[in-house]
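Structure first, commentary second.
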Amino acid sequence: MNDPYAVLGVSSSASEEEIKRAYRDLVKKYHPDNYANNPLADLAEAKMKEVNEAYDAIMKARTQGGYQSAGGNGYGGGRTSSQGGGRYNNPTLIQVRQLIAQNNLAEAERILRSTPANNGEWYYLMGSIAYRRGWMDDARQNFWTACNMDPNNMEYRQAMNSMGMQARRGTYGGGDDIANLCTTLCCLNCLCNSCSG
């Protein structure tokens, strides 16, 4: 990871409020909702991930003490998460992330299920797999567990918040989708009957 302070565009001596403000501004700028049906969506998603990881790294390091920028001796890039076996150095979880990014969900799940579910990262990744498959209840439950295990992790909270935003917009599950499907099928039936008659 690059120097997380540089990613957020703040100095290593910035106050917590300055860091939060910079983070919020970047989230507004790169949020996936701003790039729906946009060719830059993948770049925005990658930047959003980088911003979340930078914020998470800074906040965890500050609560644990002794964090310095990359020029100092406090940041080594090989930290572990607060739950142990963390996402910054676990090669299995890094591989699972890569497989999810490649949409190889079956292999990602196989590897993840052979790994003990002992931290928030495991549940976050399982939620990501479920989300990509459209299993929203499973995704929500796994994201919720990840957030409870590691409540300061912005990546997990972002995933959970995204689920809530989609529910409010009616973009998954529930009656709106069924009603839209029924309407579409009725329209298709009418079109087919008028074409054949």
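- Shown here are the salt bridge (charged side-chain N to carboxylate O under 4.0 Å, His left out) partners of Glu107, two or more places apart in sequence or in another chain: Arg110.
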For residues 36-44, which side-chain N or O atoms pair as donor and acceptor with protein atoms under 3.5 Å away, sequence neighbours left out?
unit_1: Asn38; atom_1: OD1; unit_2: Leu40; atom_2: N; d: 2.8

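- Under 4.0 Å is where a charged nitrogen must lie from a carboxylate oxygen, and between Lys20 and Glu16 at least one such pair does.
- Taking Ser114 as the reference, nothing meets the side chain to side chain donor-acceptor pair (under 3.5 Å) condition, with sequence neighbours excluded.
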Go through it in stages, so that I can follow the logic: the residues are Phe143 and Tyr124, the test is ring-ring contact (aromatic ring centres under 6.0 Å, His included), and I'd like the CA-CA distance, side-chain angles, deciding distance and then a yes or no. CA-CA 5 Å; Phe143 289 153; Tyr124 169 77; 5.6 Å; yes
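- Scanning for ring pair (Phe, Tyr, Trp, His ring centres under 6.0 Å) contacts around Tyr35 gives an empty result, with sequence neighbours left out.
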Using atom types as modelled, flag every donor-acceptor pair under 3.5 Å from a side chain in residues 21-29 to any protein atom, sequence neighbours excluded.
unit_1: Tyr23; atom_1: OH; unit_2: Asn52; atom_2: OD1; d: 2.6
unit_1: Arg24; atom_1: NH2; unit_2: Glu17; atom_2: OE2; d: 3.1

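- Salt bridge status for Arg133 with Asp138: absent, with no side-chain N to carboxylate O gap under 4.0 Å.
- Under the side chain to side chain donor-acceptor pair (under 3.5 Å) criterion, Gln102 pairs with no residue, sequence neighbours left out.
- Screening residues 99-121 for ring pair (Phe, Tyr, Trp, His ring centres under 6.0 Å) gives no qualifying pairs among residues at least two apart or on separate chains.
- Legend: residues meeting ring pair (Phe, Tyr, Trp, His ring centres under 6.0 Å) with Tyr123, ordered by chain and number and at least two apart, are absent.
- Partners of Tyr55 under the side chain to side chain donor-acceptor pair (under 3.5 Å) rule, at least two apart in sequence or in another chain, do not exist in this structure.
- Taking the side chain to side chain donor-acceptor pair (under 3.5 Å) definition, one finds that Arg132 meets it with nothing, sequence neighbours left out.
- Scanning for side-chain contact (heavy atoms from CB on, under 4.5 Å) contacts around Ala14 gives Val10, Ser11, Glu18, Ile19, with sequence neighbours left out.
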